[in-house]
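A quick write-up on the structure given underneath.
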Amino acid sequence: MIVAQGLTKHPILLVVEKPERAVAITTMLTQAGYVVKVAGGLYDCLKLCTQEMVHMIICEVALPDGNCVNVFDKIAADKLLAKIPILAHSIKKTPEEIGLIKSRKFSSAYAGAIDPKVFLVKVSDCIKNYAPISPFYYGAAECGFDENLTLKIESTVMGRVGEQILVRSGSEVDQAASMVCTPKNTELAPAILRMANNIRNGDEVFNLFPVGRILGKGRIWLEKLPIFNMDGGAAAPAPGVPVATGAPRKVIFCDPNEARFASYKEILQGYDIELIYAKTLNIAAGLLARSPDGIGGIYIHELMNDSSGNEWKVSFAKIPMTSRPSIICGTTVSGAKNTDSMRFIKRPFGMGILVEMMESTFTRASKIASVASAKGPTQVAGTSVALQSPATIVGLDETGGVLQLKFPLARGSKVELVHPEISALLGVKIVTITEVASVPNMPDVVQARFESIAPGMSKGKYWEKIAGTLATKAAATKAVAAAAAAATATATAAAADPAEDPAA
Amino acid sequence: MEMSCLIVDLNAGDAEAKWNASPASKEALLDTKFATNPEDALAIMASVMVSPLIIHVQDYSQAVQTLLSAYQAAFGPMSDFQVIVNSDPSPQFMVSVFEFGVEQFVANETWVAEVSAICRDVKEKMSDPECAEYKTMSLVIAVRSADAGQITEAQAAAGDLATYDFRAAYANGKASEATGDYSAAIDNYKSATGMNKLFRPVSTRLGEACLITGRVDEAIEIFQKLERSNPRDIDRKASLASSYIEKGDFEMAAKYAAEAEKLDAGSSRVVEIKAQVMLCQGDFTSAFALLDQMSNVGPFFAAKLNDLGIKLSKSGKGKSALSLYQKAHKVVRVELKYKITLNAVLACRRLGDFDMALKYVARCAREYGSLFPKLAKIKETLEKERAEQALAKAGTTPPTQVG
């Protein structure tokens with residue numbers, strides 16, 4: 001199975017004779033996206049390898065307490081660490097140093113003063129060849145696991161806010177995700193929820209799903225949910241009047257192109273959304289500062305990479321948290337990560353998507369949290385559900401593993417893996433998504449790296465616990481495959497060489 | 001269900017070359033067809049099952065409207081299966097295609113990979129008979145084929161899908177329209193709008209169905225609500241003008257007609273309004289003359305033309321009725337042609353021209369997709385009457401059947 005690039009931030013251990021020599025290389029490797037640890041000799045190296053389960057060792061030939069050959073032999077002798085590739089680095093290029101390098105089969109070698117470009121290519125090639133995901137990685141198929149699993153997020157459906165369903169899940173759900181909402185109450189049918197918008201209030205995460213996008217039989221009960229009244233108990237609005245969602249339906253539209261604003265203004269007023277024009281972020285900041293509570297949201301067509309962004313940040317930070325409107329920011333980048341105050345909308349987008357997103361900006365997380373706590377759990381719908389999605393397990397390594405699914409998961413999401421073997425093997429049900437990437441040329445094939453290691457736990461200890469099982473399973477799978485291949489070969493040979501006819 | 005991806009390059013660019021050169025297209029899993037103009041695209045849609053439909057275009061145009069209308073008529077309201085390739089669409093473009101429920105735009109730089117992903121999605125959904133999309137599309141295709149048996153079968157397969165899926169409710173509405181049951185169609189469309197308020201094609205259909213059934217005030221309310229969020233849609237302005245003509249409020253009708261004319265003076269819909277006013281004023285000759293300038297006439301005006309033809313035929317002006325039907329047949333939407341032909345059959349019968357009537361019967365069956373029960377009964381009667389006429393001409397009476 002192809003594994004998407006960029007899922008892993010590879011940890012590299014630099015083993016140097018003199019610590020000052022590590023400074024420049026550390027900077028260079030860090031800038032290239034690696035996580036660098038430095039060891040001052042053989043002893044440090046072995047200790048850090050076990051602790052950090054590094055993906056590569058760059059080892060100078062001469063060390064204060066040994067040399068690169070000692071490192072090679074010790075690592076090779078350790079069952080847990082034997083797969084870590086080692087790049088031997090000879091600074092002096094003396095025949096003795098070269099001789100030492102040649103005496104062992106190092107994964108790679110470098111001699112002389114460091115040329116950053118050449119050195120980085122060496123490192124990158126070494127990682128690509130020996131540890132594209134991790135040197136400790138086991139593919140799920142290689143271990144004979146059933147690759148299918150279910151991702152699950154335990155949640156509570158709280159009610160309707162206007163034309164959106166409000167869910168408290170504690171986890172962000174990506175806008176491109178389609179999640180099957182399965183109620184605990186089996187009398188209620190499941191539904192597919194799509195086009196999520198996430199709102200945060202401190203540690204609390206709420207998801208808003210547009211009612212119009214719900215598919216499946218479950219929409220029948222979802223549609224009938226009580227209104228989660230943001231006015232804190234005021235009477236239900238008259239038909240045709242927009243439901244109170246905690247913020248006014250006014251949006252600052254920030255775009256240098258005034259004609260575009262004019263067109264959107266004309267269209268969106270048909271959806272009861274009033275647009276206010278701001279040519280620049282500075283003007284938007286001014287408008288917001290004057291009346292933060294009078295603004296429901298801000299749309300920025302494109303965030304410029306200039307000083308205006310910083311000025312905006314300063315202005316925005318001055319506004320009290322409870323009055324800060326949500327910001328929708330257009331971007332051409334896929335999978336841009338939302339923050340507490342900013343949600344990205346991938347351009348080009350369709351009109352319905354923009355309207356749904358603007359609708360969700362009018363719902364303030366702080367308001368939801370305060371209304372929910374003031375009313376208590378009995379006055380909201382409070383239907384326990386599981387948001388689920390099918391996925392496949394690609395493989396496991398020293399901190400977790402890689403999953404594959406059809407849509408991106410938000411980084412930092414906490415999801416439950418439902419699998420007959422994997423969750424038992426990992427010893428945890430809930431894992432954290434740390435990185436997400438698409439497979440090249442296939443935007444609908446998304447891979448996510450997850451961490452299943454408990455906070456504070458040593459990677460070495462964690463891996464020691466599961467590596468044995470994985471190795472045994474891999475060996476058994478290999479043996480079965482070999483036996484099957486042998487049986488096929490025997491059958492083929494028998495067919496090609498039929499027994500002599502005794503009668504002949 | 002075997003589907004083909006149709007890529008229409010209205011930019012006359014190199015979409016086909018780019019698609020074929022990209023490794024991402026190899027993962028699309030669907031057969032791909034290419035067209036560079038609406039005519040070729042329509043011919044492909046008529047010959048194979050198309051999904052997804054991909055249109056490369058700079059801005060909204062008559063060609064885009066033709067393609068989206070044709071796709072919707074043939075394959076239904078599957079907005080996930082229609083894509084516009086345009087990196088920076090104008091708001092007006094976005095809102096114009098949103099009238100067809102289309103809201104998927106992809107950038108010129110990434111379109112091959114994204115379309116390839118959509119193709120895989122289509123392949124998966126259309127291979128699963130339990131999937132909502134599969135059931136909805138089967139129903140739309142059945143409606144399109146106008147085969148009553150096929151429609152019943154598709155409706156049975158869909159089960160209660162229409163009660164919780166707006167696309168299926170829309171398709172059910174179309175099925176009811178096809179059988180002339182506008183009241184059931186209205187119920188279905190209302191149910192669909194309740195489920196997804198942003199899905200504009202169903203609101204438009206609901207307005208049209210209300211207008212046809214004489215619920216003019218309701219139609220006006222629906223059209224005006226839609227008008228607020230897209231005040232530059234010529235079809236809706238024409239629908240509003242038609243509704244106000246029906247209501248007898250000629251001042252408002254003139255206002256919307258003028259606005260429609262301002263948007264596109266040469267539009268067929270503008271001509272339709274003018275003809276409708278003339279019909280209202282009893283100026284049939286002038287209205288008749290305008291028919292040549294129309295195209296793709298919708299159900300409301302088609303119904304008006306049918307009504308006029310029936311009146312002419314009943315009042316003994318059968319030949320005038322037939323020539324009206326002949327012109328009307330050329331200008332109405334494909335799915336409405338069989339109704340015109342059916343009226344032509346009845347006009348011929350009144351004229352006593354049974355041979356011609358039977359020719360129209362054959363054409364009607366072809367257009368409807370089958371010999372539906374009402375048409376079969378008419379055919380039987382016509383054949384009997386033709387035999388009687390022949391015998392009468394020969395001066396004999398038919399022999400009495402024995403046994």
So for A:I267, is it side chain, backbone, both, or neither that comes closer than 4.5 Å to the heavy atoms of chain B? both
Chain A interface, residue from B:A117, B:P89, B:P231 that has the most non-hydrogen pairs under 4.5 Å: B:A117
Per-residue contact mode, B:A107 against chain A (heavy atom under 4.5 angstrom): both
Quick one: of A:G350, A:P440, A:A259, A:P348, who has the most non-hydrogen atom pairs under 4.5 Å with chain B? A:P348
Could you list each donor and acceptor atom pair linking chain A to chain B at less than 3.5 Å?
from	atom 1	to	atom 2	distance (Å)
A:R194	NH1	B:D80	OD2	3.3
A:G212	O	B:N196	ND2	3.3
A:R213	NH1	B:E103	OE2	2.4
A:R213	NH2	B:E103	OE1	3.2
A:R213	NH2	B:E103	OE2	3.1
A:K217	NZ	B:D160	OD2	2.8
A:R219	NH2	B:M195	O	2.7
A:E266	OE1	B:R232	NE	2.8
A:E266	OE1	B:R232	NH2	3.3
A:E266	OE2	B:R232	NH2	3.1
A:Y271	OH	B:R200	NH1	3.2
A:D272	OD1	B:R228	NH2	3.2
A:G350	N	B:E103	O	3.4
A:G352	N	B:E103	OE1	3.3
A:I353	N	B:E103	OE1	3.1
A:K406	NZ	B:E124	OE1	2.2
A:K406	NZ	B:E124	OE2	3.1
A:D444	OD1	B:R120	NE	3.4
A:D444	OD1	B:R120	NH2	2.3
A:D444	OD2	B:R120	NE	2.9
A:D444	OD2	B:R120	NH2	3.4

Toward chain A, the part of B:V97 with a non-hydrogen atom under 4.5 Å: neither
To the nearest 0.5 Å, atom CG of A:L354 lies from atom CZ of B:F98 at 10.0 Å
